[in-house]
Amino acid sequence: MTWVNAELAERFDEIAALLELTDADRHRVRAYERAAEAVRAASADLSELPRAELTAVPGVGRSTADKIAQHLDTGRIDLLEELRARVPEGVRELTRVPGLGPKTAMRLHDELGVDSVEDLRAALDAGRVRELSGLGTKSEERLRAGLDRLGAKDQQRLPVAEAHAVAEALCAALAGRDDVVEVVAAGSLRRLRATVGDVDVLAASETDAAPIHAAFRDLDLVAEVLVAGERKTSVLTRRHLQADLRVVSPQAWGAALVYFTGSKAHNIRIRERAVRRGLTLNEYGLARSDDASLVASRTEADVYAALDLAWIPPTLREDTGEVEAADTTDGRAPTLPRLVEPADLQGDLHGHSDWSGDGKASLPAMLAAADEGGLSYWAVTDHAVGLPMNGIDAEGFARRREAIAAARETTALAVLDGVELNILGEGALDFDDDVLARFDWCVAAIHTQLEQDAATQTERILQAIANPFVNAIGHPTGRRLGQRPGYDLELEAILQACAETGTALELNGSPSRLDLPTDLARRAVDAGVWLTISTDAHATHELANLAWGARYAQRAWVTPEQVLSCQPVERVRQVVAEKRERLA
DNA sequence: GCCGTTTTCGGCCCGACTGTTTTCAGTCG
């Protein structure tokens with residue numbers, strides 16, 4: 001069983017997409033999109049919520065509630081089945097072509113019988129597309145280019161750290177110019193989504209924007225110019241990542257930053273709020289609707305304040321409750337969380353040394369780097385023997401224990417004698433309990449047999465959680481960003497077991513993982529489960545992963561109180577001891 | 001289809017760019 005909210009959200013997204021193709025009222029389409037977002041973000045399991053309370057979810061009305069009930073009862077939604085029957089599968093496929101939207105896709109189907117991407121290519125080759133009214137040779141070229149990009153690398157989202165590197169280079173190139181007073185990367189990069197589809201660069205200039213756009217188009221990093229306007233430029237970088245540039249006056253900086261940071265859902269939400277206050281919000285400012293006089297624009301905080309909102313951290317801007325929490329109407333106190341910051345982390349509870357095969361640095365080197373990074377404790381969790389090639393056996397860990405004792409003499413850090421255990425096929429671990437009992441801290445993680453179904457993976461993890469010496473589940477979903485999705489888990493059962501036993505879930509800060517995903521992390525802390533934010537560092541420079549992990553955790557509304565590695569080492573030892581006492 | 005300091009109807013975020021449109025529709029973000 002997968003998380004029913006996610007399943008319902010997919011159904012509503014599909015309904016919205018199909019409705020758009022059938023030329024339904026756009027507000028009705030938008031209503032289903034909002035319902036999908038609302039259902040996806042809901043922290044309560046909708047199958048357990050009393051039916052009468054479904055409409056209490058903002059964005060879910062009577063009609064949507066009925067469809068949720070129908071899905072839960074019968075596994076199908078009549079409207080969706082009806083729409084699927086009306087819209088050929090091939091037409092939906094066409095809308096994945098960049099630059100080809102629902103209107104044109106339907107016309108291609110109705111007027112030319114185009115029913116698939118292959119059909120479209122054939123129709124283009126035969127010169128039939130340009131015969132349609134309103135479509136000419138330029139449209140033909142655009143569709144051909146779209147077909148070439150379909151499925152190409154630039155259609156995929158990049159892990160945020162890779163996109164960050166591209167953005168840094170683009171920003172640096174503009175920051176050196178005399179006519180640029182400010183430049184940042186906004187968009188999903190600033191919101192720290194785990195993967196990024198394009199880089200949104202915002203620059204401020206007192207003078208003419210044209211030379212800045214021209215310079216942007218001419219950068220060495222740019223492979224192709226997609227859009228070249230007076231106010232907006234879009235390019236494809238050599239890294240196969242799209243990048244957009246907007247240039248505004250410093251006067252408009254705050255409004256533009258809000259607009260360009262998004263998310264789209266957040267922007268729509270606050271623009272609606274503006275309308276209800278007789279105001280209009282766009283990227284140039286917040287203005288009165290009647291006489292267009294400017295109310296706020298220079299800083300983000302100005303814009304939010306004029307909407308009776310506290311400034312909202314970018315990592316929360318997903319329309320999942322942040323606008324309500326920021327409300328200051330009538331002197332109300334905002335209830336935004338005090339989000340975890342990198343500086344809140346006191347220790348790192350998952351890292352490697354060259355004692356195990358894939359570690360790149362010695363234990364003293366890792367400890368020195370952790371110390372320099374401002375931490376007060378570090379758990380060295382080298383791989384155990386079950387991981388072929390890499391792991392250490394019990395005798396090896398005994399020898400390492402001597403090395404740890406020696407290292408403790410030379411560092412101010414508290415060093416935890418740790419291990420990263422392998423959760424084996426049936427949920428067994430590498431060592432018996434008498435060996436495990438000698439460690440200060442045990443992370444258990446799945447590294448093999450990633451293809452099993454949700455029930456099997458869940459059972460393996462539950463077995464590990466039930467062990468009195470397992471203190472955290474490492475990279476819980478096993479996802480590798482840009483490479484493979486995580487395995488399905490029955491998270492409710494895992495959260496319940498973690499809460500009952502005092503076992504933490506790791507938020508792995510490696511930019512290739514960022515695992516737990518946001519929605520799972522938010523449900524974990526809501527369920528009262530400890531989170532650890534860890535580096536999984538295999539080299540000294542990877543201790544910087546703590547910052548990625550902490551900032552990513554903000555997206556799940558995580559506060560320092562909910563993170564075990566934000567507590568002093570004494571508290572960590574206490575949590576370890578309590579679980580042993582409870583389960584031994 | 002949802003929603004309400006215009007609350008059971010009549011609205012619904014806003015703008016840039018492109019192409020073929022002589023005044024705007026489609027697409028995107």
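Naming: A, B, ... by sequence-line order, numbering from 1 per chain.
Of the candidates B:dT20, B:dC17, B:dC13, the closest approach to any side-chain atom of A:Lys232 belongs to B:dC17. With B:dG29, B:dT5, B:dT27 as the choices, the nucleotide that has an atom nearest any side-chain atom of A:Lys103 turns out to be B:dT27. Listed nucleotides B:dC17, B:dG26, B:dT20 differ in distance to A:Val227; the shortest reach to its side chain belongs to B:dC17. Among the nucleotides B:dT27, B:dC13, B:dT20, the one closest to any side-chain atom of A:Ile268 is B:dC13. Taking every side-chain heavy atom of A:Ser63 into account, B:dC2 is the closest of B:dT20, B:dC13, B:dC2. When distances are taken from the side chain of A:Thr64 to each of B:dC14, B:dG15, B:dG1, the shortest belongs to B:dG1.
By the 6.0 Å and 45° rule, A:Arg555 does not stack over the aromatic ring of A:Trp557.
Note on A:Thr233: nothing from the nucleic acid sits closer than 4.0 angstrom, heavy atoms only. A:Gly59 comes within 4.0 angstrom of the backbone, heavy atoms only, and of no base. Within the 4.0 angstrom heavy-atom criterion, no nucleotide atom of any strand lies near A:Asp66. Residue A:Ser234 is classed as having no contact, given no heavy-atom separation below 4.0 Å to the nucleic acid. Among the protein residues, A:Ala274 comes within range of no part of the nucleic acid, since none of its heavy atoms lies under 4.0 Å from any strand.
With respect to the salt-bridge test (charged N to carboxylate O, under 4.0 angstrom), the residues A:Glu322 and A:Arg317 do not qualify. Salt-bridge check for A:Asp244 with A:Arg246: failed, with every basic side-chain N at 4.0 Å or more from each acidic carboxylate O.
Rounding to whole angstrom units, CZ of residue A:Arg269 and P of B:dC2 are separated by 15 Å.
Partner A:Thr477 forms a side-chain hydrogen bond (donor to acceptor under 3.5 Å, both in side chains) with one of A:Asn508, A:Asp515, A:Asp488 and no other, that one being A:Asp515.
Residue A:Ser133 places no side-chain N or O under 4.0 Å from the OP1 or OP2 atom of B:dT20. One finds no side-chain N or O of A:Asn267 lying less than 4.0 angstrom from the OP1 or OP2 phosphate oxygen of B:dC13.
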